[in-house]
Amino acid sequence: MTVQVADNLFTGEGETTRLLAGRRRSDGKLLFPYPSGPEAENYELVELAPEGTLWSWTVQRFRPKSPYDGRGGEHDFLPYAVGYIELPGELIVESRIVVDRFESLKIGLPMRITTEAYTENAAGEPVLTYAFTPKGSAQ
Amino acid sequence: MTSVHIVGGGIHPFGRTDGSTGLDQGVFAIRQALDAAGLDWSQMEFGYGGSSAAGAADAVLPRLGLTGMQFINVNNGCATGGSSILSGYAAIKSGEFDIGIVVGFDKHPRGAFNADPEASGLPRWYGQTGMMLTTQFFGNKINRYMALNGISQQTLGLVAEKAFRNAEHTPHSWRKTPVSLDTIMQSQMVSDPLTKYMFCSPAEGGVALILASDRKMRELGLSGPKVRAAAIRTRPAGSFEVFAPALEIERGKSATQLASAAAWEMAGLGPQDVDVAQLQDTECGAEIMHMAENGFCKDGEQEAMIANGDTRIGGRLPVNTDGGCLACGEPIGASGLRQIYENLEQLRGRADGRQVDDARIAYSQVYGAPGISGCVVLER
């Protein structure tokens, strides 16, 4: 059994993943992530496009402090890429990036959405978050 | 019309001082500023002060004397120091007061700043999945800027190399040992393309500045540079700031572009008039981008300027003459005031070993979370 890291963040898994955003009822402006609490009343829940281009990127080389709850301790932490993906006509969203070689990342690279089991919960179940990966990769 | 002058300054060395609280360092700086100007605490009509992690600045009062003065705690993110001096400037400019003090101090734990999603109005998953780090923001921002404007990684390294070289001659700096370009480039990668030596670290320190009206300054037989402009602006729509899960496709100006434009207008001066500049250098990329955002060059020109040594002491526009945040560290409450303290030293010709010849106009710009920039123009 896999679980999602949060509600109202995305639907589906792998290639069928769709990010959820809010479309403001008054003017159609998009907001990601979908707001919680009373603010949500002003927004309609919509899905964002599954493909876009890499707007910028970096690599997280050290283990973040709390509240990070991903895999690895101080010594067995594995670096991961983080960047921004421009979804044409919608938004530029921040995301973890699943990629074999960091050096292959270039601004403008076509990207598509996926999910990543970035950690396990207390019950040992994989916890999924959304991620992007270069289009055409096997992830 | 009243003009505002800086008639005294004090600083507690930046870095790490075990056994000394942030408050201790703030009090030290105030006493030094008063001594340097030959003034007494009882002469201060107002105070503005701030710290981010070392308690309320108002706690200096019992240590220095409960005179009943107006004292206001300032808390405005990374621009706390910039906000304090702007408040002091306005208090005198308005005619309400004639002389007062601004102080900033801080003491942060080691390592990158800890981020709390809830405190920034963000969902918890953003932190849990490892995306809420200031270091990542800097990596993302400069990586795109470099790709679009032809800035090389070596240029990042040269900025750090200059910082440590300048700091060698700065009594208040933290990291005083020059570091070779090779060592900087080969050091541990923190957030690509930025290595360990290309980032500043949270630190400790305290700064105090005494402001006075021109009338009061003459009456007391003091002197000091004139504040030609002080302006703070916040992020406009479309600016790229720290902790942003999404950005609008239509990009806009930055807080720094707005603040610097306001400062130039207020001063009636432009970037070409500046002899020495202290620009926010949280990491090397910030100094490079801020050169353009403050109007000192166009995007991309930094590559040649830095290769030519234009921003070194002796160059056309010396930048971060005391080593900046890279070599002094960043105690949030004090950092913006350190820049102004360094400009005060430069304008008074007291920056031994790092003095910019005949500096007359000095500029400073502090920037930080959540997207605030504060610019100050001083004239000797």
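What's counted below: heavy atoms across the whole structure, side chains too, no hydrogens, waters or symmetry copies. Just so it is clear: chains get the letters A, B, ... in the order the sequence lines come, proteins before strands, and each one is counted from 1.
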Original post:
Roughly how far, to the nearest 0.5 Å, is CZ of A/Phe32 from CD of B/Glu248?
Top reply: 15.0 Å

Original post:
If we only count heavy atoms from C-beta on, is the A/Glu86 to B/Ile249 side-chain gap below 4.5 Å?
Top reply: yes

Original post:
So which part of A/Thr119 gets closer than 4.5 Å to some heavy atom of chain B, the side chain, the backbone, both or neither?
Top reply: neither

Original post:
Taking all atoms of both residues into account, what is the closest heavy-atom pair of B/Gln136 and A/Thr58, and its distance?
Top reply: O-CG2, 3.6 Å

Original post:
What part of B/Pro123 gets closer than 4.5 Å to chain A, counting heavy atoms only: side chain, backbone, both or neither?
Top reply: side chain

Original post:
Non-hydrogen atoms of chain A under 4.5 Å away: do they reach the side chain of B/Tyr126, the backbone, both or neither?
Top reply: side chain

**OP:** May I ask you to check whether B/Trp125 and A/Tyr118 place their ring centers less than 6.0 Å from one another?
**Re:** no

**OP:** Check the surroundings of atom CD in B/Glu118: do more than 12 heavy atoms from other residues, nucleotides or ligands lie under 6.0 Å from it?
**Re:** yes

Original post:
Around atom OH of B/Tyr197, are there more than 12 heavy atoms of other residues, nucleotides or ligands at under 6.0 Å?
Top reply: no

Original post:
Between A/Leu87, A/Val59, A/Val93, which has the largest tally of heavy atom pairs under 4.5 Å with chain B?
Top reply: A/Val59

Subject >> For B/Asn143 against A/Ser56, the heavy-atom pair lying closest together >> reply: CB-OG, 3.7 Å

**OP:** Decide if atom CD of A/Glu41 counts as having more than 12 heavy atoms of other residues, nucleotides or ligands within a radius under 6.0 Å.
**Re:** no

Original post:
In terms of heavy-atom proximity below 4.5 Å to chain B, should A/Tyr130 be classed as side chain, backbone, both, or neither?
Top reply: side chain

**OP:** Name the member of B/Ser191, B/Gly139, B/Pro193 that forms the most heavy-atom pairs with chain A at distances under 4.5 Å.
**Re:** B/Ser191

Original post:
Is there a side-chain contact between B/Gln128 and A/Val5 (heavy atoms, below 4.5 Å)?
Top reply: yes

Original post:
When you look at CG of A/Asn42, are more than 12 heavy atoms from neighbouring residues, nucleotides or ligands closer to it than 6.0 Å?
Top reply: yes

**OP:** Please flag which part of A/Thr129 lies under 4.5 Å from any non-hydrogen atom of chain B: side chain, backbone, both or neither.
**Re:** side chain

Subject >> Heavy-atom pair with the smallest gap, counting every atom of B/Asn140 and A/Gly83 >> reply: OD1-CA, 3.6 Å

Subject >> A/Glu90 versus chain B, the contacting section by heavy-atom distance below 4.5 Å >> reply: backbone

Original post:
Of the backbone (N, CA, C, O) and the side chain (C-beta and beyond), which part of A/Pro88 lies under 4.5 Å from a heavy atom of chain B, both, or neither?
Top reply: backbone

Original post:
Side chain, backbone, both or neither: which part of B/Phe240 has a non-hydrogen atom closer than 4.5 Å to chain A?
Top reply: side chain

Subject >> A/Lys106, part contacting chain B, at a heavy-atom distance under 4.5 Å >> reply: neither

Original post:
Does the A/Arg61 side chain pair with the main chain of B/Asp192, one donor and one acceptor, at a distance under 3.5 Å?
Top reply: no

Subject >> Which atoms of A/Ile107 approach chain B - backbone, side chain, both or neither, heavy atom under 4.5 Å >> reply: side chain

Subject >> Part of A/Tyr80 within contact of chain B (heavy atom distance under 4.5 Å) >> reply: side chain

Original post:
Quick one: are B/Arg124 and A/Pro67 in side-chain contact, heavy atoms under 4.5 Å?
Top reply: yes

Original post:
Does the side chain of A/Trp55 reach to within under 4.5 Å of the side chain of B/Arg144, using non-hydrogen atoms?
Top reply: yes

**OP:** Mind checking the CD-OG1 spacing from A/Glu94 to B/Thr129? Nearest 0.5 Å is all I need.
**Re:** 8.5 Å

